[in-house]
Every structure is written in structure tokens, then in C-alpha cells.
Colleague: 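What follows is a structure written as C-alpha cells; I'll ask about it next.
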Amino acid sequence: MSASLSRPRVGVWLIGARGSVATTVVTGCAAVAAGLHPPTGMVTETPALTDSGLPALSDLVFGGHDTVDCPLPKRAETLTAGGVLPPGVATAVAAELTAAEREIRPGGPTPGDTRSEAELITAFAHDIRDFTHRHALERTVVVNVASTEPACQGPDAPLPASTLYALAALGAGCPYVNFTPSEGMHHPVAAREAERSGLPYAGRDGKTGQTLLRSVLGPMFAQRALTVRAWSGTNLLGGGDGAALADPAAAAAKNAGKERVLADTLGTTPQGETHIDDVPALGDWKTAWDHIAFDGFLGTRMILQTTWQGCDSALAAPLVLDLARLTARAHESGLSGPLDALAFYFKDPVGDAPSGLAEQYEALIAFARSLGGARPAGPGEGEGLRQGTGEGRGLRSAEQATGMEGPR
């Protein structure tokens, strides 16, 4: 048997599996693994992380949930036409796209869906377990890359879809990553189950553009003792995320993370707001402007303006691959609970972590080195944040996870 066939494989189960980010993840992973393109943007492929024992890109197997029915190969064609994917790459990895498409299952809840929350969680968890078992995977990491949901409407509101998927991941014994600003594991119901499950998890809201720059500039002003008086921002974006963020409640959920980075790094909250505008004509491309008013020596007033223009999916995809590999390795090593050291990738990270990018990078490198020296956890063993791998434990039942005995 060849080495590539004898190595254990790892599943990556994508929530929003037919979206732009997910399609770019699957396409990019196959293209880089085949040597068609360099791993630009993948921190896990830099020398500092190469000895961390991470699963190889060629050993990742993709599946997921989605509520739309556009097949992955067709979606890849659309992204190629829009300049997101380079010409020819989707054709070159057509087999890998088709294989991932076969593993996508219907998500929910959809309009007219009569299933209870418990039934949805059970169905989603079954899909993930079935995927893992059929492919004889060593483990599966669930990653939410779906469109942003509106902010939670209160304790009596139905569980958001992102939380249903998070509970399903726990029920299937899988570590979980929330790359979106949606509630996910932050919901109190899911947070309680995550604590009990002994599984590692990370999130939330991937840091790909404007906030990435803020996490560098904020500490710069603080370290140089320059007083920031006002910091205003505007985002123009299209695609599915632009449409979702046209909802003020969804935009508020995303902006909360952007503003928190400034408050944490500056030690104060400057005047100004951040706005998000949906511009459908931009497609998968986004532009972010920041206007920073600050005081220098003797109160001299000065201005810094920045412009960030990028392709959202191309910025996000390498981070998703990094996170899937790092979280899988953390699970293999027996770690559990919030993975603070992955704050480098998020606007609103779980756990106790610094907000400045340089400190976050140092924590990531230290974490990766510790993974390289860790031996895989055996049955019932664990080390790190808390004991236990969570394998075979999952939820007591979907009804107990939601606090229900049946449909509510």
C-alpha cells in the first residue's frame, strides 16, 4: 500500500458547503495538494508550523450541509468567471469537486420544514457520523462557513441554525470551528454542551481584511502613545455575505467584533462607527475604508486613511484550511475546550486571548510547537486545557442538548 493510502485521513465538514468560501476551500486544497499552485496565505505551510504534526492537505476529505442546490462544479465555474478562481484550476480538480459534491447533504431549517430542533440536530449529527464512518476517517472537523445570521433575538427565540449545527457537531463527537459571526457555540445551550463534551472548538468570525489591519494598527497607536480620537470605517461588498449583511441585525453581529478589536488594543473606544453596504455588482470582492483621526505631540492633529481591496473567498479559504488542520491536530493531541491560541484567525475569538496580531501570532507559533511535541491521546486520555477527546461521547441526546423533551 502506498504511503498516501496508509496515512489516516481527516474529514472537513463544511456548513454552507456550496458557498463561495467552501468552493474555494475545496478547489484550493486540491490544487495546492496537486502542486498546481503554491500555498499562498496558508500559515500552516510556513516553516514555523511544518513540524506540528498537522494532517496533509492530500489527506483531507470534504463534505457538508447546505440549503442551496447549485453543485460545486457549477459553483466553481461561476467563481472562475468572476475572477475568484484562476482559469483552468476548477477543470483540473473536477474529480475532487465532484467527490465533495457527493458528500453534501440537505441543511436546514428550510421554509416549511416541520422537524423540531431536536430532530434537526439528530439528522445533522447522523450525516456527519455517516460521512466519517463511510470514509474510515480518523476524525472530522466541522467548520461553519455559511452566511451571517441575524443576532440572537433573546432566550425564548428558536435556536439559530448555526447553533443547531454546532450541537450536531458535538453530538457526532467532532471538534467545531465557527468562521462566521453567527451564534454557533456562543449560544448558552451550545456553550453548556461544549463544556461537557470535552471537545476542542474555535471561533468566531474569520479575520480576513479590515479587522486584520485594525489588529495591527491599533497596537501601533497604543505602543507609540498616540491618542486616537476617532476611527470610522465603511465596507462595500457583494455576494451572499453582502446580501446577508444588508440585514441590520446581521451587520450588527459582524460589526461587534470589529469594534471590540479597537477597544481592546487601544484601551478605549474611539468615536466613529463602521458601516457595511451591500453592493451586488462587486460579487465576491470587497473594499474597506478606514479614517483614523489621532493626536500627536503637543496635540497636533493628524489623519491616517487606509483602503483594503480583496477577494473575500480567496482571503478566507487558506484560513479555513489552516483552522481545520490545527483543530484536527488539537483533537488528536487530546486538547479540549476553547482553543485560545487560534485567536490569530478571528475577530471575536473564544477564550482568553490578546487582540493584537503580533501577540496572537506568537501564541499561535507556541501552540503549533506544542502540538509537534504532543503524542496522540489514547482512549480516555487527554492533556492541555481539559481532559478528554470527546470521541464517542457527544451529546446525551438531542432533546437534552436543547433542553426539550420534544418539539417546542
Side-chain angles (χ1 to χ4, degrees), residues 20-21 41 147-151 178-182 203-296 301-316 319 343-349 353-361:
S20 296
V21 172
S147 295
T148 303
E149 295 173 336
N178 186 6
F179 200 73
T180 81
S182 300
R204 66 181 168 174
D205 200 3
K207 185 165 57 186
T208 60
Q210 184 180 48
T211 311
L212 176 65
L213 193 57
R214 289 181 172 194
S215 67
V216 175
L217 293 177
M220 178 196 75
F221 283 108
Q223 290 162 7
R224 292 298 295 268
L226 298 170
T227 302
V228 175
R229 293 184 293 109
W231 198 315
S232 301
T234 297
N235 288 264
L236 308 177
L237 68 163
D241 215 24
L245 293 171
D247 180 343
K254 194 169 190 72
N255 281 336
K258 292 176 179 288
E259 302 300 339
R260 188 173 298 111
V261 168
L262 296 183
D264 289 349
T265 58
L266 296 173
T268 185
T269 302
Q271 297 178 18
E273 297 180 347
T274 301
H275 299 277
I276 299 176
D277 294 332
D278 177 25
V279 185
L282 294 180
D284 206 53
W285 301 81
K286 64 182 180 182
T287 297
W289 291 311
D290 271 21
H291 184 283
I292 307 159
F294 65 99
D295 288 347
R301 295 195 166 188
M302 292 174 269
I303 297 291
L304 171 64
Q305 297 184 54
T306 66
T307 302
W308 177 284
Q309 294 179 300
C311 175
D312 204 38
S313 296
L315 290 165
L319 309 188
F344 177 75
Y345 293 99
F346 297 105
K347 295 183 182 71
D348 185 18
S355 294
L357 192 71
E359 294 173 285
Q360 291 175 343
Y361 180 72

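Bear in mind the structure is a predicted one, so any value in this text is a computation, not a measurement.
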Colleague: Can you see which heavy atom on Pro219 is nearest to which on Gly356, and at what distance?
Modeller: CG-CA, 3.8 Å

Colleague: Listed by chain and number, what are the ring-ring contact (aromatic ring centres under 6.0 Å, His included) partners of Phe344, not counting sequence neighbours?
Modeller: Tyr361

Colleague: Could you pull out the closest heavy-atom pair between Ser20 and Ser313, with the gap in Å?
Modeller: CB-OG, 3.2 Å

Colleague: Quick one: CH2 on Trp231 to CG on Leu266, what's the gap to the nearest 0.5 Å?
Modeller: 6.0 Å

Colleague: Could you give the distance from OG1 (Thr234) to NE2 (His275), rounded to the nearest 0.5 Å?
Modeller: 6.0 Å

Colleague: Looking at Gly41 and Leu319, what are the two nearest heavy atoms and their distance?
Modeller: O-CD2, 4.2 Å

Colleague: Roughly how far, to the nearest 0.5 Å, is NZ of Lys207 from CZ of Arg214?
Modeller: 12.5 Å

Colleague: Give me the atom names and distance for the closest heavy-atom approach of Ser182 to Glu149.
Modeller: OG-N, 2.9 Å

Colleague: Can you list the residues that meet the side-chain hydrogen bond (donor to acceptor under 3.5 Å, both in side chains) rule with Asp264, with sequence neighbours excluded?
Modeller: Ser355

Colleague: Rounded to the nearest 0.5 Å, how far apart are OG1 of Thr211 and CZ of Phe346?
Modeller: 13.0 Å

Colleague: Say whether, by atom type as modelled, one donor and one acceptor occur between the side chain of Thr265 and the main chain of Val261 under 3.5 angstrom.
Modeller: yes

Colleague: Looking at every heavy atom in both Thr208 and Ala316, which two are closest together, and how far apart are they?
Modeller: CG2-CA, 4.0 Å

Colleague: Looking at Thr180 and Arg204, what are the two nearest heavy atoms and their distance?
Modeller: O-CB, 3.4 Å

Colleague: Could I get the full list of side-chain contact (heavy atoms from CB on, under 4.5 Å) partners for Gln271, not counting sequence neighbours?
Modeller: Ala230

Colleague: Please report the C-alpha distance between Thr287 and Trp289 in whole Å, then the side-chain angles of each, then the deciding distance to 0.1 Å, and finally whether the side-chain contact (heavy atoms from CB on, under 4.5 Å) criterion is met.
Modeller: CA-CA 7 Å; Thr287 297; Trp289 291 311; 3.9 Å; yes

Colleague: Could you check Thr306 against Leu217 for side-chain contact (heavy atoms from CB on, under 4.5 Å), going step by step and ending with a plain yes or no?
Modeller: CA-CA 10 Å; Thr306 66; Leu217 293 177; 4.0 Å; yes

Colleague: Report the distance from atom CG of Asp290 to atom CG of Asn235, rounding to the nearest 0.5 Å.
Modeller: 8.0 Å

Colleague: Quick check: does any side chain N or O of Lys347 sit under 3.5 Å from a backbone N or O of Gly206, one acting as donor and the other as acceptor?
Modeller: yes

Colleague: Nearest 0.5 angstrom please: Leu357 CG to Met220 CE, how far?
Modeller: 13.5 Å

